[in-house]
2 protein chains.
Amino acid sequence: MSKQSPVLSLTDLNAGTPCCAPMSEQRIPAQTAAVLAPAFKALGDPVRLQLMSMIASAPAGEICVCDLTPAFDLSGPTISHHLKTLRETGLVDAERRGTWVYYRARPGIMRQLASLLQIGMPASA
Amino acid sequence: MSKQSPVLSLTDLNAGTPCCAPMSEQRIPAQTAAVLAPAFKALGDPVRLQLMSMIASAPAGEICVCDLTPAFDLSGPTISHHLKTLRETGLVDAERRGTWVYYRARPGIMRQLASLLQIGMPASA
DNA sequence: TCTCTGATTCGAAGAACGTCGAGACAACCC
DNA sequence: GGGTTGTCTCGACGTTCTTCGAATCAGAGA
């Protein structure tokens, strides 16, 4: 179970299983690419990238939507849509407490993406 | 010049300047997000993610297009289009030698992305 | 020079994406 | 209960993306 599951899911990734070696050392299998590409795509929008960083760097570990929305020149529904994208990708988690909804980063998948991009030493040059 | 330029470009990033702290420690400025988001977006397609890994993990540090194309069930022009996307994003570099074109990874921007995603310790759990 | 192979560019069709306004749902306060 | 505030869902519109076939460009070899 530790080598390589036939099917990969974001749940596996979030479970903390170090599934993927750096892409500079090992070619990414098609299955893994299909699972991880949506996460990169989710970060591929400037608004979502900023949202993600605001959530991940929140001092309390979480941040209210009411603090996210006014930081952009975008409508509420648009921000909500982007947050939904991040949620569905597994990058963040949402929790409603009373009137407000709080978002929290899920470090598992972020670590996966980071380790994938890791590069040791440039071979030449 | 070492703290933060008013305008950021991929050239700066590739120059090796450690421009960005991990997003879990510091909120990404809008400018930086606008520059880095396209790189994440480029990796946000399964085909491009696999292409990138095949290029980055090539034993000789580079790989021929003729080795990339047959690895996918896609037409030559489509692969070429994806490679162009990776090229324009600054993730890879291309060089023609005789009949064949070789692609090489540019580690600078990949390191930037990796450090951006770096997470220290999970705050809780 | 002519031809052949490898890679890119061009133009087009269909799908997916980002954005918005309107409406709906949830929780608080009077 | 009724009103208010905060957030999300639903359609809709215009833009961007992915993919392909056809055509073009670059270099090698006869």
Side-chain angles (χ1 to χ4, degrees), chain A residues 28 30 33-55 58 60 62-104, chain B residues 28 30 33-52 54-55 58 60 62-105:
Chain A
I28 303 177
V35 173
L36 291 180
F40 281 118
K41 183 192 285 188
L43 296 176
D45 181 275
V47 174
R48 283 196 297 266
L49 191 54
Q50 281 187 269
L51 282 171
M52 188 67 216
S53 83
M54 292 177 72
I55 296 170
E62 61 184 12
I63 188 169
C64 176
V65 174
C66 58
D67 291 326
L68 295 172
T69 304
F72 300 87
D73 279 340
L74 292 172
S75 70
T78 298
I79 298 298
S80 186
H81 161 73
H82 284 307
L83 288 172
K84 182 181 183 181
T85 300
L86 291 174
R87 227 185 311 133
E88 291 178 341
T89 316
L91 284 163
V92 302
D93 223 352
E95 182 191 358
R96 162 162 242 136
R97 278 207 305 278
T99 305
W100 289 280
V101 176
Y102 293 86
Y103 277 78
R104 185 193 327 268
Chain B
I28 303 177
V35 174
L36 291 180
F40 281 117
K41 183 191 285 187
L43 297 175
D45 181 275
V47 175
R48 283 195 297 267
L49 191 55
Q50 281 186 269
L51 282 171
M52 188 68 217
M54 291 177 72
I55 296 170
E62 61 183 12
I63 188 170
C64 177
V65 173
C66 58
D67 291 326
L68 295 172
T69 304
F72 300 87
D73 278 341
L74 292 172
S75 68
T78 297
I79 298 298
S80 187
H81 161 74
H82 284 306
L83 288 172
K84 182 181 183 182
T85 300
L86 292 174
R87 228 184 311 133
E88 291 177 341
T89 317
L91 284 162
V92 302
D93 223 351
E95 182 191 359
R96 162 161 241 134
R97 279 208 302 281
T99 306
W100 291 281
V101 176
Y102 294 88
Y103 278 77
R104 185 193 326 268

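The figures that follow rest on heavy atoms only: side chains count, while hydrogens, waters and symmetry mates do not. In what follows, chains are A, B, ... by sequence order, proteins preceding strands, each numbered from 1. Here the structure is a predicted model, which is why all the values come from computation and not from measurement.
Counting any heavy atom pair closer than 4.0 Å across all strands shown, A:Tyr103 reaches sugar-phosphate atoms only and no base atom. Among the atoms of the strands shown, none is found under 4.0 Å from any heavy atom of A:Ile79. Within 4.0 Å of B:Arg48, counting heavy atoms only, lie sugar-phosphate atoms of the nucleic acid but no base atom. When heavy atoms are screened at a 4.0 angstrom cut-off, A:Gly98 is found touching the sugar-phosphate backbone but no base atom.
A:Leu51 contributes atom CG, which lies 9.0 Å from atom CD1 of A:Ile63 (distance to the nearest 0.5 angstrom). From A:Asp45, atom CG reaches atom CD of A:Gln50 across 9.5 Å, with rounding to the nearest 0.5 Å. A:Thr89 contributes atom OG1, which lies 7.5 Å from atom CZ of A:Arg48 (distance to the nearest 0.5 angstrom).
Residue A:Val101 is the one, among A:Val101 and B:Asp45, whose nearest nucleotide of DNA chain D lies closer to the 5' end (criterion: closest heavy atom). Nucleotides of DNA chain C nearest to A:Arg97 and A:Gly44 differ in position, and the one nearer the 5' end is that of A:Gly44.
Protein atom NE2 of B:His82 is 14 Å distant from nucleotide atom P of C:dT9, rounded to whole Å. Spacing between atom CG of A:Asp67 and atom P of D:dG6 amounts to 11 Å, rounded to whole angstrom units. What separates NZ of B:Lys84 from P of D:dT24 is a distance of 17 Å, to the nearest Å. Note: CZ (B:Phe72) to C1' (D:dT19) measures 15 Å, nearest angstrom. Between the CZ atom of A:Arg96 and the C1' atom of D:dT7 there is a distance of 6 Å, rounded to whole Å. The distance between atom CG of B:Leu83 and atom P of C:dA7, rounded to the nearest whole Å, is 10 Å. Taking atom CH2 of residue B:Trp100 and atom P of nucleotide C:dT8, one finds them 14 Å apart after rounding to whole Å. One atom, CD of A:Glu88, and another, P of D:dC8, lie 12 Å apart when rounded to the nearest Å.
Contact annotation: A:Lys41 side-chain N/O to C:dA16 OP1/OP2 distance is not under 4.0 Å. When the side-chain nitrogen and oxygen atoms of A:Thr78 are compared with OP1 and OP2 of C:dC20, one or more of them lie within a distance under 4.0 Å.
Of the candidates D:dT7, D:dT19, C:dT19, C:dT19 carries the atom nearest the A:His81 side chain, counting heavy atoms from C-beta on. Picking from D:dT18, C:dA27, C:dT19 the nucleotide with the shortest atom distance to the side chain of A:Thr99 gives C:dA27. When distances run from any side-chain atom of B:Pro77 to the nucleotides C:dT9, D:dC8, D:dT19, the shortest one goes to C:dT9. In the set D:dA28, C:dG21, D:dC20, D:dC20 carries the atom at the smallest distance from any side-chain atom of B:Ser75. Here D:dT19 is the nucleotide among D:dT19, D:dC8, C:dG6 with the atom lying nearest to any side-chain atom of B:Leu74.
With A:Tyr103 as the partner, the side chain to side chain contact (heavy atoms under 4.5 Å, CB included) test is satisfied by one option alone out of A:Arg87, A:Glu62, A:Glu95, A:Met54: A:Arg87.
A donor-acceptor pair is defined here as one N or O able to donate and one able to accept, closer than 3.5 Å; such a pair exists between the side chain of B:Arg96 and the backbone of B:Gly98. Judged purely by atom type and a 3.5 angstrom limit, A:Thr69 uses its side chain to pair as donor or acceptor with the backbone of A:Val65.
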